[in-house]
**Q** 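Structure incoming, see below.
Order of the sequence lines fixes the chain letters, A, B, ..., with proteins taken first and strands second; residue numbering starts at 1 for each chain.
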Number of protein chains: 2
Amino acid sequence: MTISSTFGRENNQRNMDTTGEVGSFFKSAFSVDNVIFGFDGGDLKVLLIQRGQAPFKDKWALPGDLVYPNEDLNTAAERVLEQLTGLRGVYLEQVKTFGAVNRHPLGRVITVAYITLIKISNYTVTAASFAQSAKWHNIDEVGDLAFDHNEILESCLRRLKRKVRTAPIGFELLPPKFTLTELQQLYDSVLRLPKRLDKRNFRKKILSMNLLVECPEMQEGVAHRPAKLYQFDREKYGQFVNEGFIFDI
Amino acid sequence: MTISSTFGRENNQRNMDTTGEVGSFFKSAFSVDNVIFGFDGGDLKVLLIQRGQAPFKDKWALPGDLVYPNEDLNTAAERVLEQLTGLRGVYLEQVKTFGAVNRHPLGRVITVAYITLIKISNYTVTAASFAQSAKWHNIDEVGDLAFDHNEILESCLRRLKRKVRTAPIGFELLPPKFTLTELQQLYDSVLRLPKRLDKRNFRKKILSMNLLVECPEMQEGVAHRPAKLYQFDREKYGQFVNEGFIFDI
DNA sequence: AGGGTTTGGTGTGAAAATGACAATAAGTTC
DNA sequence: GAACTTATTGTCATTTTCACACCAAACCCT
């Protein structure tokens with residue numbers, strides 16, 4: 001069973017008996033689809049795979065798979081992510097379930113969409129067999145996707161935009177040590193506000209939260225004044241939340 | 001097929017083959033469950049039904065049903081609501097999908113949870129056959145529910161608390177004409193903040209949005225000074241949203 | 001070495017939003 | 001009409017937001 005594989009038999013459920021027989025309800029399936037976000041310093045990216053089989057052969061799609069009968073939904077989403085990227089223990093959040101009757105041409109399949117935030121540098125193209133067909137796409141250059149994946153992507157992007165302002169999940173997209181400029185660029189490229197965030201106000205605000213710790217070392221390898229590096233202090237954040245703190249940018 | 005009915009056959013999917021045979025994936029089902037919120041002027045309420053059959057016979061549960069093979073998820077949620085209350089066209093929002101392997105004792109069933117906001121006065125107990133077993137419960141007096149419905153209810157309540165502050169959905173719980181005090185009581189009982197909202201500040205804020213229109217008539221039948229009645233102006237809200245307005249209380 | 005280039009880093013003031021506060025008004029009941 | 005109940009209204013201090021511009025520190029190049 002590979003990710004986003006198709007089904008091995010001709011099977012159209014759509015005209016089934018919908019009245020008495022309860023058994024007829026057990027002829028549908030569910031899948032998970034992951035919207036895997038990454039950030040390369042400039043643009044927000046999403047990891048897509050190119051389908052090898054019909055339906056939608058050669059189209060780009062969100063990585064996903066059917067959920068095993070004895071597998072929890074979250075576990076399935078984690079599995080899909082790990083099979084594709086080799087990563088475990090990353091940020092994962094359920095967003096929405098898509099269940100239009102005709103969304104899958106080969107049967108009744110509803111899919112639960114997840115967003116995943118990974119540090120793009122941790123992703124190695126060689127992690128999975130279909131690596132050659134997996135590629136980062138700029139978030140606004142994804143084109144026509146398979147199934148209803150454009151709609152799913154939109155929903156997930158909206159969720160990300162909201163969530164990134166109200167929870168410190170942006171850090172999931174950055175390396176452990178980052179500069180304030182990098183952090184701000186992340187927010188700018190996720191939020192895409194009409195005006196970019198103001199540098200001074202942004203730094204004031206984020207530093208006033210006391211969630212960043214200054215690293216002793218500086219940025220290296222840049223052809224200009226190097227910036228201070230910071231780390232996000234997860235522990236402190238936990239404490240603050242207990243005290244009623246609400247992250248807000 | 002009745003709401004929250006059980007399955008007519010012995011059927012345990014949990015030890016199925018999970019490897020090759022794709023057909024084995026088409027042996028699961030999905031359902032929708034509705035968290036129907038209402039407000040009676042004092043407390044936030046949720047409409048529960050008492051189960052007539054095993055499993056969880058006699059336990060209180062969220063109204064829900066299996067999704068028909070040719071039925072969209074939203075449609076199923078609307079159907080469940082209508083069968084129970086006779087209401088159509090009310091506020092409905094998908095919240096989250098629950099899919100733990102063992103959440104349903106009779107098979108693999110994942111469920112999509114919805115919240116629904118209705119005007120409690122519109123609800124007539126006689127609307128459906130199971131009306132006798134449907135009852136409004138105070139939100140903090142629901143006790144032990146069937147399945148994982150306590151968890152579902154918690155998630156949906158959290159969502160309601162957030163959403164009620166960022167979108168004008170509170171009005172869905174009130175009659176078309178309401179007083180500012182009623183509106184504030186609604187917010188107080190949904191949000192349950194450590195301190196109740198300040199009357200003067202609340203009125204200032206809500207009126208400054210210019211979303212309420214004053215009715216010519218006054219409150220009637222109260223043993224004290226009658227209050228002005230207001231209506232929510234949906235149209236204006238639509239315009240304001242287009243201009244970038246963000247509802248926020 | 002020095003000038004050019006690039007990004008890093010910082011403070012102030014005006015405007016708006018928030019939040020705490022209490023007295024009078026308009027009905028009803030008895 | 002006296003007692004009671006809820007409705008209605010404004011001010012001020014504090015905090016937050018937002019717009020805005022210059023020098024500093026490193027590198028590159030010649």
Side-chain angles (χ1 to χ4, degrees), chain A residues 39-43 165-166 174-175 177-189 191-231 240 243-249, chain B residues 40-42 165-166 174-175 177-189 191-231 240 243-249:
Chain A
F39 178 66
D40 69 353
D43 296 294
R165 301 189 73 132
T166 56
L174 292 175
K177 300 180 178 187
F178 50 84
T179 71
L180 293 183
T181 301
E182 285 167 347
L183 184 60
Q184 185 189 333
Q185 278 166 345
L186 167 64
Y187 278 96
D188 276 327
S189 50
L191 297 177
R192 298 255 195 168
L193 299 171
K195 301 165 193 171
R196 326 186 69 229
L197 298 170
D198 179 86
K199 203 199 323 188
R200 277 179 285 193
N201 294 336
F202 176 79
R203 295 162 91 98
K204 233 183 303 176
K205 186 159 198 173
I206 198 88
L207 288 176
S208 73
M209 291 185 189
N210 279 99
L211 289 173
L212 300 186
V213 297
E214 214 170 301
C215 301
E217 67 269 34
M218 301 289 268
Q219 191 183 29
E220 279 176 24
V222 288
H224 55 79
R225 173 175 175 180
K228 286 184 201 161
L229 292 171
Y230 291 86
Q231 279 183 286
F240 288 170
E243 296 164 11
F245 170 79
I246 294 178
F247 187 91
D248 173 49
I249 282 194
Chain B
D40 69 353
R165 300 189 73 133
T166 55
L174 292 174
K177 299 179 177 188
F178 49 84
T179 70
L180 292 183
T181 301
E182 284 167 348
L183 185 59
Q184 186 188 334
Q185 278 165 346
L186 167 65
Y187 277 97
D188 276 327
S189 51
L191 297 177
R192 298 254 196 169
L193 298 172
K195 302 165 193 170
R196 327 186 70 230
L197 297 171
D198 178 88
K199 207 200 315 191
R200 278 179 284 195
N201 293 337
F202 176 79
R203 295 162 90 97
K204 232 182 305 175
K205 186 159 196 171
I206 199 89
L207 287 175
S208 74
M209 291 183 188
N210 278 102
L211 289 174
L212 300 186
V213 298
E214 214 170 303
C215 302
E217 67 269 33
M218 302 288 268
Q219 190 182 29
E220 279 176 23
V222 288
H224 55 79
R225 171 174 177 181
K228 285 183 202 162
L229 291 171
Y230 291 87
Q231 279 184 283
F240 289 171
E243 296 164 10
F245 170 78
I246 293 178
F247 187 91
D248 174 48
I249 282 195

**Q** Shoot me the first and last contacting nucleotide of DNA chain D against chain B, ordered 5' to 3', at under 4.0 angstrom to non-hydrogen atoms.
**A**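 Boundary nucleotides touching chain B, in 5' to 3' order, are D:dT5 to D:dT11.
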
**Q** Applying side-chain hydrogen bond (donor to acceptor under 3.5 Å, both in side chains) between A:Asn201 and each of A:Arg203, A:Lys204, A:Lys199, report the one that passes.
**A**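 Among A:Arg203, A:Lys204, A:Lys199, the one that satisfies the side-chain hydrogen bond (donor to acceptor under 3.5 Å, both in side chains) with A:Asn201 is A:Lys204.
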
**Q** Give the minimum heavy-atom separation between B:Leu197 and B:Asp188, together with the two atoms involved.
**A**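 Smallest heavy-atom distance, with atoms named: N-OD1, 3.0 Å.
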
**Q** Between residues 219-227 of chain B and DNA chain D, which residues have a heavy-atom gap below 4.0 Å?
**A**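 Close to the strand are B:His224, B:Arg225, B:Ala227.
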
**Q** Give, for atom CZ of A:Arg225 and atom CE of A:Met218, the distance between the pair rounded to the nearest 0.5 Å.
**A**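 A:Arg225 CZ to A:Met218 CE: 7.0 Å, rounded to 0.5 Å.
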
**Q** Does B:Glu217 CD have over 12 foreign heavy atoms under 6.0 Å away?
**A**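 It does: B:Glu217 CD has more than 12 such atoms within range.
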
**Q** What residues, two or more places apart in sequence or in another chain, satisfy ring-ring contact (aromatic ring centres under 6.0 Å, His included) together with B:Tyr187?
**A**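 Applying ring-ring contact (aromatic ring centres under 6.0 Å, His included) to B:Tyr187 gives B:Phe202.
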
**Q** Do B:Gln231 and B:Cys215 have side-chain heavy atoms sitting under 4.5 Å apart?
**A**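 Sidechains of B:Cys215 and B:Gln231: in contact.
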
**Q** Heavy atoms within less than 4.0 Å of DNA chain D: which residues of residues 202-217 of chain A have one? Give them sorted by number.
**A**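 Hits under 4.0 Å, by residue number: A:Lys204, A:Lys205.
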
**Q** Would you say the side chain of B:Ile249 lies within less than 4.5 Å of the side chain of B:Met209, judging by non-hydrogen atoms?
**A**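 Result yes, sub-4.5 Å side-chain heavy-atom pair found.
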
**Q** Mind checking which nucleotides bracket the chain A contacts on DNA chain C, 5' to 3', with an atom under 4.0 Å from a heavy atom?
**A**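 The protein-touched segment is C:dT6 to C:dT12.
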
**Q** Return the 5'-most residue of the pair B:Glu182, A:Lys195 with respect to DNA chain D, ranking by each residue's nearest nucleotide.
**A**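 The 5'-side residue here is B:Glu182.
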
**Q** Might you point out which heavy atoms bring B:Arg165 and B:Leu191 nearest each other, and give the distance in Å?
**A**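 Nearest pair, atom of B:Arg165 first, then B:Leu191: CG-CD2, 3.8 Å.
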
**Q** Counting N and O atoms only, with roles assigned by atom type, does the side chain of A:Asp43 sit under 3.5 Å from a partner on the main chain of A:Ser189, one being a donor and the other an acceptor?
**A**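 Such a contact is absent between A:Asp43 side chain and A:Ser189 backbone.
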
**Q** Please lay out, stage by stage, how B:Tyr230 and B:Ile206 fare under the test side-chain contact (heavy atoms from CB on, under 4.5 Å).
**A** CA-CA 11 Å; B:Tyr230 291 87; B:Ile206 199 89; over 6 Å; no

**Q** Return the minimal non-hydrogen interatomic distance between B:Leu212 and B:Phe178, and the atom names on each side.
**A**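 Here B:Leu212 and B:Phe178 meet closest at CD2-CZ, 3.9 Å.
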
**Q** Search all heavy atoms of A:Gln185 against all heavy atoms of A:Gly41 and return the closest pair with its distance.
**A**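 In this case the closest contact between A:Gln185 and A:Gly41 is OE1-O, 3.4 Å.
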
**Q** Identify, between B:Thr179 and B:Asn201, the residue whose nearest nucleotide on DNA chain D lies closer to the 5' end.
**A**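 The residue mapped nearer the 5' terminus is B:Thr179.
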
**Q** Measure the shortest side-chain to side-chain distance between B:Asn210 and B:Phe245 over non-hydrogen atoms and say whether it is less than 4.5 angstrom.
**A**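 Side-chain contact under 4.5 Å: no.
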
**Q** Using five base pairs at each end to define the local axes, how bent is the helix from C:dA1-D:dT30 to C:dC30-D:dG1, to the nearest 10°?
**A**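 End-to-end axis angle for the helix from C:dA1-D:dT30 to C:dC30-D:dG1: 10°, rounded to 10°.
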
**Q** Quick one: label A:Thr181 by what it contacts on the DNA or RNA (base, sugar-phosphate, nothing), any heavy atom closer than 4.0 Å.
**A**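 The residue A:Thr181 makes sugar-phosphate contact but no base contact.
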
**Q** May I ask you to decide if A:Ala227's main-chain N or O and A:Gln219's side chain share a donor-acceptor pair within less than 3.5 Å?
**A**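 Here the side-chain-to-backbone pair exists.
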
**Q** Have a look at A:Lys199 and say if it touches a base, only the backbone sugar-phosphate, or nothing, with a 4.0 Å heavy-atom cut-off.
**A**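 Base: the residue A:Lys199, judged by heavy atoms under 4.0 Å, touches a nucleobase.
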
**Q** Take atom CG in A:Leu193; do more than 12 heavy atoms of anything else shown fall under 6.0 Å from it?
**A**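 Counting neighbours around CG of A:Leu193, more than 12 heavy atoms of other residues, nucleotides or ligands fall under 6.0 Å, so yes.
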
